[in-house]
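Quick notes on the structure that follows.
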Amino acid sequence: MKSTLLALCMLIFSVAAVADTIDTWQFDSPGQEQQYRQLTESLRCPKCQNNSIADSNSMIAADMRLKVYQQLRAGQTPHQIKAWMIDRYGKFVSYQPPVTASTLVLWLEPQLFVIGGVLVMVMVVVSLGF
């Protein structure tokens, strides 16, 4: 009897907690809703590693989703919203960081690995005499 009552209480509280985290906002148009979805999927959660704010359940991601919604409703463009988020949370929130001196290695690293691999293959072929 006690275990059934405990299970029922846990079920009630878990449903209330889940219902509290669902974002139910009204948009002016389907295009605005599409912009919201694209923005929330293109911004990274500062707390979660490699989760967008659309996929994250953290409190900061919920706050960021709310801010995106509010700014879209206020008439801001997606570019302005992204710029505001980067100013507020840093370049980490963008999945496409700008090319700067500090990120140049990240942008060039894949090409350097390919060039290095080709050089190693050429050296092996030359040393074997093919």
Side-chain angles (χ1 to χ4, degrees):
M1 177 72 175
K2 284 184 180 181
S3 62
T4 305
L5 184 60
L6 179 64
L8 183 61
C9 287
M10 288 174 52
L11 179 66
I12 291 170
F13 287 117
S14 66
V15 169
V18 169
D20 194 31
T21 61
I22 297 173
D23 298 331
T24 54
W25 295 317
Q26 299 297 318
F27 294 93
D28 294 335
S29 67
Q32 190 179 52
E33 183 175 1
Q34 182 65 25
Q35 285 179 336
Y36 171 81
R37 293 192 190 288
Q38 288 173 346
L39 276 169
T40 57
E41 289 180 9
S42 70
L43 292 169
R44 186 187 326 224
C45 176
K47 184 177 179 185
C48 309
Q49 291 289 325
N50 289 327
N51 273 3
S52 68
I53 63 173
D55 298 332
S56 175
N57 290 327
S58 71
M59 296 283 288
I60 193 162
D63 291 342
M64 290 172 76
R65 287 192 301 267
L66 175 62
K67 198 63 176 170
V68 167
Y69 172 74
Q70 290 172 340
Q71 290 182 351
L72 271 176
R73 293 288 301 231
Q76 300 235 347
T77 65
H79 179 71
Q80 291 171 323
I81 295 170
K82 262 190 173 179
W84 186 89
M85 289 288 182
I86 290 170
D87 287 343
R88 169 121 178 152
Y89 297 104
K91 294 175 186 170
F92 176 80
V93 299
S94 175
Y95 279 113
Q96 297 173 338
V99 179
T100 62
S102 62
T103 61
L104 193 58
V105 172
L106 297 173
W107 287 101
L108 295 178
E109 192 172 20
Q111 290 85 358
L112 293 175
F113 276 118
V114 169
I115 292 169
V118 169
L119 288 175
V120 167
M121 288 187 341
V122 167
M123 289 172 51
V124 167
V125 168
V126 168
S127 70
L128 293 176
F130 287 109

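One-based numbering along the sequence shown.
Under the 4.5 Å side-chain heavy-atom criterion for ILVMFWY residues, no single connected hydrophobic cluster contains both Tyr95 and Leu39. No chain of hydrophobic side-chain contacts below 4.5 Å, direct or via other Ile, Leu, Val, Met, Phe, Trp or Tyr residues, connects Ile115 to Leu108. Under the 4.5 Å side-chain heavy-atom criterion for ILVMFWY residues, no single connected hydrophobic cluster contains both Met123 and Val125. Cluster membership check: Phe92 does not share its hydrophobic cluster with Trp84, using side-chain heavy-atom separations under 4.5 Å among Ile, Leu, Val, Met, Phe, Trp and Tyr.
Taking CG from Leu66 and CD from Gln71, the interatomic distance works out to 10.0 Å, rounded to the nearest 0.5 Å. Separating the OG atom in Ser94 from the CG atom in Leu43 is a distance of 7.5 Å, to the nearest 0.5 Å. For the atom pair Tyr89 OH and Asp63 CG, the distance stands at 6.5 Å (nearest 0.5 Å). Rounded to the nearest 0.5 Å, atoms CZ (Phe27) and CZ (Arg37) are 6.5 Å apart.
When atom types are taken as modelled, the side chain of Arg73 and the backbone of Gln26 share a donor-acceptor pair closer than 3.5 angstrom. Between the side chain of Gln80 and the backbone N or O of Gln76 there is no donor-acceptor pair closer than 3.5 Å. In this structure, the side chain of Gln35 does not engage the main chain of Pro78 through any donor-acceptor pair within 3.5 Å.
Looking at every heavy atom in both residues, Lys47 comes nearest to Ile60 through CB-CG2, 4.0 Å. Considering all non-hydrogen atoms of both residues, Arg44 and Met64 come closest at O-CE, 4.1 Å. In this structure, Thr100 and Lys91 approach most closely via the heavy-atom pair CG2-NZ, 3.9 Å. Here the shortest heavy-atom pairing between Ser56 and Arg65 reads O-NH1, 2.9 Å.
The closest side-chain heavy-atom distance from Lys82 to His79 is not below 4.5 Å. Within the 4.5 Å cutoff, the side chain of Ser52 has no heavy atoms near those of the Thr40 side chain. The shortest side-chain heavy-atom distance between Met85 and Lys67 falls under the 4.5 Å cut-off.
The side chain to side chain contact (heavy atoms under 4.5 Å, CB included) test with Val122 is passed by exactly one of Val126, Val120, Leu119: Val126.
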Assess the residue pair Val93 and Arg88 against the criterion (side chain to side chain contact (heavy atoms under 4.5 Å, CB included)); give the C-alpha distance rounded to whole Å, side-chain angles, the decisive distance to 0.1 Å, and a yes or no.
CA-CA 9 Å; Val93 299; Arg88 169 121 178 152; over 6 Å; no
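Ring geometry for Tyr69 against Tyr36 counts as perpendicular: the plane angle is over 60°, on a 0 to 90° scale with 30° as the lower cut.
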